[in-house]
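In what follows, a structure is listed as structure tokens, so that the remarks can point back to it.
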Amino acid sequence: MKPQDLLVPRLSRLLFEHDPLRTCCVQNDAFDEYDRVALSLAERMLAGEAPEPAMRAALVEWFGEELVANASMAALNRALCDLLASRPLGSRKEPSNE
């Protein structure tokens with residue numbers, strides 16, 4: 001199993017919950033709305049790109065600069081940092097609930 005196999009679902013869920021491009025994925029139960037963005041983001045971070053620029057680049061790749069320029073990124077970037085702090089890149093162990 002590759003590290004991104006564990007990371008991509010977590011990133012996709014994070015993007016789904018925050019819906020930075022306001023696609024209404026939450027309201028429409030479109031859980032896979034951000035799957036490809038999550039894959040791109042994971043690949044970028046695993047290649048060494050810093051999380052925040054990687055997030056922006058992945059979103060621009062799939063949605064374009066104009067839409068991303070209007071996206072609310074602050075809360076999303078904080079949540080991404082929290083997610084990565086709870087389980088670092090490449091970690092196979094689930095975080096404990098203790």
Side-chain angles (χ1 to χ4, degrees):
M1 182 175 281
K2 300 177 194 172
Q4 68 259 30
D5 292 343
L6 299 170
L7 183 59
V8 171
R10 294 169 48 222
L11 294 172
S12 183
R13 181 68 184 199
L14 176 86
L15 286 158
F16 168 79
E17 290 172 354
H18 284 267
D19 193 16
L21 279 292
R22 296 181 181 101
T23 65
C24 296
C25 61
V26 174
Q27 295 86 338
N28 295 317
D29 294 328
F31 296 103
D32 62 351
E33 181 76 16
Y34 288 100
D35 283 357
R36 292 176 188 227
V37 176
L39 178 59
S40 176
L41 174 57
E43 289 172 347
R44 289 170 181 280
M45 290 190 304
L46 289 167
E49 197 169 335
E52 290 182 23
M55 175 69 79
R56 184 170 187 6
L59 287 168
V60 167
E61 178 183 345
W62 289 98
F63 290 95
E65 182 65 46
E66 187 175 331
L67 291 176
V68 174
N70 296 320
S72 176
M73 299 293 289
L76 178 63
N77 285 328
R78 278 193 304 276
L80 175 61
C81 289
D82 290 346
L83 181 142
L84 294 173
S86 72
R87 188 164 157 206
L89 289 178
S91 171
R92 293 178 183 255
K93 186 179 177 195
E94 289 294 326
S96 69
N97 291 328
E98 300 177 88

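For the single chain, residues carry numbers from 1 onward in sequence order. Side chains are part of it too, since the values below use all heavy atoms of this structure and drop only hydrogens, waters and symmetry mates.
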> Looking at Val68 and Val60, what are the two nearest heavy atoms and their distance?
Replying inline: CG2-N, 3.6 Å
>> Less than 4.5 Å apart, side chain to side chain, heavy atoms only: is that true for Leu76 and Leu59?
In response: yes
>> Applying salt bridge (charged side-chain N to carboxylate O under 4.0 Å, His left out) as the test, list every pair that has at least one member in residues 48-73; sequence neighbours left out.
In response: Arg44-Glu49, Arg44-Glu61, Arg56-Glu65
>> To the nearest 0.5 Å, what is the distance between SG on Cys25 and NE2 on His18?
In response: 11.0 Å
> What are the two closest non-hydrogen atoms of Ser12 and Ala38, and how far apart are they?
Replying inline: N-CB, 3.4 Å
> So among Leu67, Leu15, Asn70, which one has a side chain to side chain contact (heavy atoms under 4.5 Å, CB included) with Leu21?
Replying inline: Leu67
> Do the side chain of Arg10 and the main chain of Leu83 share a donor and acceptor less than 3.5 angstrom apart?
Replying inline: yes
>> Just verifying a value: how many Å separate Leu39 CG and Trp62 CH2, rounded to the nearest 0.5 Å?
In response: 8.5 Å
> Could you give the distance from CG (Leu11) to CG (Leu84), rounded to the nearest 0.5 Å?
Replying inline: 7.0 Å
> Under the salt bridge (charged side-chain N to carboxylate O under 4.0 Å, His left out) rule, what pairs show up with a residue in residues 18-35, not counting sequence neighbours?
Replying inline: none
> Hey, are the side chains of Asn77 and Pro51 touching, using non-hydrogen atoms and a 4.5 Å cut-off?
Replying inline: no
> So, Tyr34 versus Phe16, ring centres under 6.0 angstrom or not?
Replying inline: no
